[in-house]
Protein chains: 2
Amino acid sequence: MTTIADVAALAGVSVATVSRTLHGSARVDPRTREKVRAAAAALNYVASPTAMSLASGRTNVVAVVAPLMSRWFFATIVVTIEQELRKQGYHALLIILEGEGEDSGMRMEMFAKRVDGILSLNVRPSPAELAMLERLRLPIVAVGMPLGRWPRVHIDDAAAVRSAVEHLVSLGHRDIGYVGTSDISYAHMSTPSVRVEAFHAAIDESGLTPHPEWAIASEWTADAAARRVEQILRAEHRPTAILAASDEMAVGVIGAARWIGLEIPDDVSVMGIDDHTFAAVLGLTTIHQDVRAQGRAAVALLVSAMRGETPTTPDVEIPTYLIARETTAPLAPTDAT
Amino acid sequence: MTTIADVAALAGVSVATVSRTLHGSARVDPRTREKVRAAAAALNYVASPTAMSLASGRTNVVAVVAPLMSRWFFATIVVTIEQELRKQGYHALLIILEGEGEDSGMRMEMFAKRVDGILSLNVRPSPAELAMLERLRLPIVAVGMPLGRWPRVHIDDAAAVRSAVEHLVSLGHRDIGYVGTSDISYAHMSTPSVRVEAFHAAIDESGLTPHPEWAIASEWTADAAARRVEQILRAEHRPTAILAASDEMAVGVIGAARWIGLEIPDDVSVMGIDDHTFAAVLGLTTIHQDVRAQGRAAVALLVSAMRGETPTTPDVEIPTYLIARETTAPLAPTDAT
DNA sequence: TTGAAAGCGTTACCAT
DNA sequence: ATGGTAACGCTTTCAA
């Protein structure tokens with residue numbers, strides 16, 4: 001393997017000078033610089049990241065921590081994050097908490113010393129883990145739920161849910177169901193509870209009669225949502241509209257309606273939240289969230305923190321908006337309920 | 001930061017002994033071992049991965065290279081891979097080629113020295129990149145398309161396409177369309193061409209009249225497929241069945257049919273390949289592939305290679321099978337075409 | 001079984 | 001502007 005010493009020898013300078021010209025921004029004589037560059041190129045020299053890290057204390061790696069990857073939101077934001085990090089000269093170490101026990105504290109210690117910073121995607125740490133993160137003294141940026149007092153990029157989940165409910169109410173719906181409460185334990189995730197609470201609040205604000213039995217728990221997948229929603233859709237007295245806490249679950253609701261024989265939106269209106277890639281093609285009414293913007297903002301925040309800058313905007317909120325498509329319609333005047 | 005020297009001092013032994021007890025499997029006196037363990041625990045000692053790497057030459061990191069992440073296959077296999085790697089004591093460095101120019105050779109040199117091995121997910125490198133990989137002398141395992149002479153885990157794409165066509169033919173369809181040819185350039189990806197070739201071959205084998213105009217190119221997304229398939233679905237003479245090269249595109253076909261006003265499967269049968277999470281709930285007939293099995297096999301292969309073992313099975317094929325659901329049906333006797 | 005010490009390849013401080 | 005040279009924290013060979 002060719003080392004910095006080889007380059008130094010070929011260029012006729014010291015290793016210190018090679019290091020400076022190649023990385024350090026220190027002033028180097030243009031001619032020296034050229035000699036070194038030429039030597040490095042000739043030898044096809046690539047510095048050892050490992051040695052650089054040990055000597056400098058920086059790794060140029062960022063841990064990207066996510067509870068899951070099999071969901072649209074995470075898969076989407078991770079590609080943006082990887083691209084943005086790359087532009088800034090960082091690599092992404094992927095940490096997926098899925099299948100991890102309650103305490104992933106040990107896990108964090110395992111990668112802590114490998115990275116210069118942490119990007120936490122909707123992770124809800126235990127108090128012990130929080131303390132542990134605190135102790136690492138690493139720059140951290142959270143996406144989604146708040147994480148301690150670290151800078152955060154997020155959407156207004158409550159507002160998203162509220163505007164969804166308002167849309168349905170404006171169409172005349174008064175019997176609204178909801179899929180995606182958090183009864184089912186979701187380690188490391190907290191979006192579910194925020195959204196369901198917003199749902200109940202929105203129902204109250206709209207002056208509708210609450211129907212707690214129509215707010216059902218479900219894993220956040222299409223499959224699970226379909227199975228869970230089937231019961232309330234089959235009931236004699238059923239909601240005329242269903243809001244799913246995610247588009248993925250909304251797809252499940254659409255599937256359930258189909259196999260039950262209910263027409264959408266004639267028999268039941270369905271909407272989701274996210275604006276999943278499939279939403280447009282399936283005609284799903286939803287609340288759009290700009291995932292790429294969240295990824296970009298998060299990386300920008302983290303990079304500036306890793307450079308030692310104090311974040312000017314410790315809280316970035318990315319706006320969401322309603323996209324009305326074909327799965328929602330005004331309540332039919334002759335309603336079966 | 002607490003270093004190995006601190007632990008050694010507290011335990012009253014040398015740093016060499018600490019290193020041995022903590023990592024090296026060398027024989028250490030049980031009592032010494034205990035003293036060291038206690039000291040390490042008391043000090044909350046975690047070895048510096050960076051220093052370990054520099055000294056040992058191993059990084060315990062594996063590069064997971066994928067052309068994309070926004071598609072079901074990649075997102076799904078990456079979580080399995082991350083979990084399996086973790087079990088074996090490795091971390092996953094995520095490299096997404098998306099948006100990269102033709103030559104990502106430079107990219108590879110950037111991370112090569114950071115990792116002990118490479119997991120290449122359906123990446124099609126340029127000859128120059130291949131040579132570069134060769135030069136790295138790193139253990140590599142490919143998933144999907146073949147990559148040089150490295151061990152590989154894959155499904156039989158041709159067989160999958162063939163059984164899909166056979167299914168449609170057995171239902172009486174003779175006018176079969178196909179979405180997902182590779183006219184549109186797909187850097188770093190080669191599944192498209194393999195599948196489309198298999199499609200044409202299967203049509204031939206079945207003795208059907210080829211309709212090249214019904215084999216259409218499309219980006220591998222639901223949106224694009226919907227737009228692209230619309231034209232042939234609106235034509236006076238249209239196929240009675242459409243095979244999409246992926247379930248994601250099949251969803252697009254379903255969407256297009258819906259907005260054109262075509263009933264599925266009465267007016268047109270639709271099927272995909274993959275068995276995407278949404279397939280079951282949407283009733284999509286498809287060819288199932290076990291993505292997790294592919295991920296597990298790939299990691300097993302790579303780990304054994306990184307341990308210096310010669311792979312016993314340099315080529316692992318994971319079986320696929322047809323799942324007939326509700327988007328395909330026998331050709332209606334009174335066919336409009 | 002244990003310890004001493006020579007690396008591992010860079011960075012960064014201190015001279016010059 | 002450049003060079004010499006301690007670190008950086010650990011592994012591993014060689015002796016004891």
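To find a chain, count down the sequence lines: A is the first, B the second, and so on, and within it residues start at 1. Hydrogens, waters and symmetry mates are skipped; everything else that's a heavy atom, side chains included, is used. Remember, predicted model here, so these are calculated numbers, not experimental data.
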How does each nucleotide of nucleotides 8-16 of chain D score, in 5' to 3' order, for protein heavy atoms under 4.0 Å: base (B), sugar-phosphate only (S), or none (-)? BBBBBB---

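Under 3.5 Å, the side chains of N122(B) and H154(B) contain no donor-acceptor pair of N or O atoms.
Between the side chain of T313(A) and the main chain of V316(A), no donor-acceptor pair closer than 3.5 Å is present.
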Would R307(B) and Q88(B) satisfy side-chain contact (heavy atoms from CB on, under 4.5 Å), going step by step from the backbone distance to the final call? CA-CA 11 Å; R307(B) 289 193 181 130; Q88(B) 307 287 345; 3.3 Å; yes

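Atom CG in D6(A) sits about 9 Å away from atom P in dG9(C), given to the nearest Å.
The side-chain contact (heavy atoms from CB on, under 4.5 Å) with I118(B) is formed by just one residue from the set V62(B), V141(B), L136(B); it is L136(B).
Between R33(A) and V28(A), the closest side-chain pair of non-hydrogen atoms falls below 4.5 Å.
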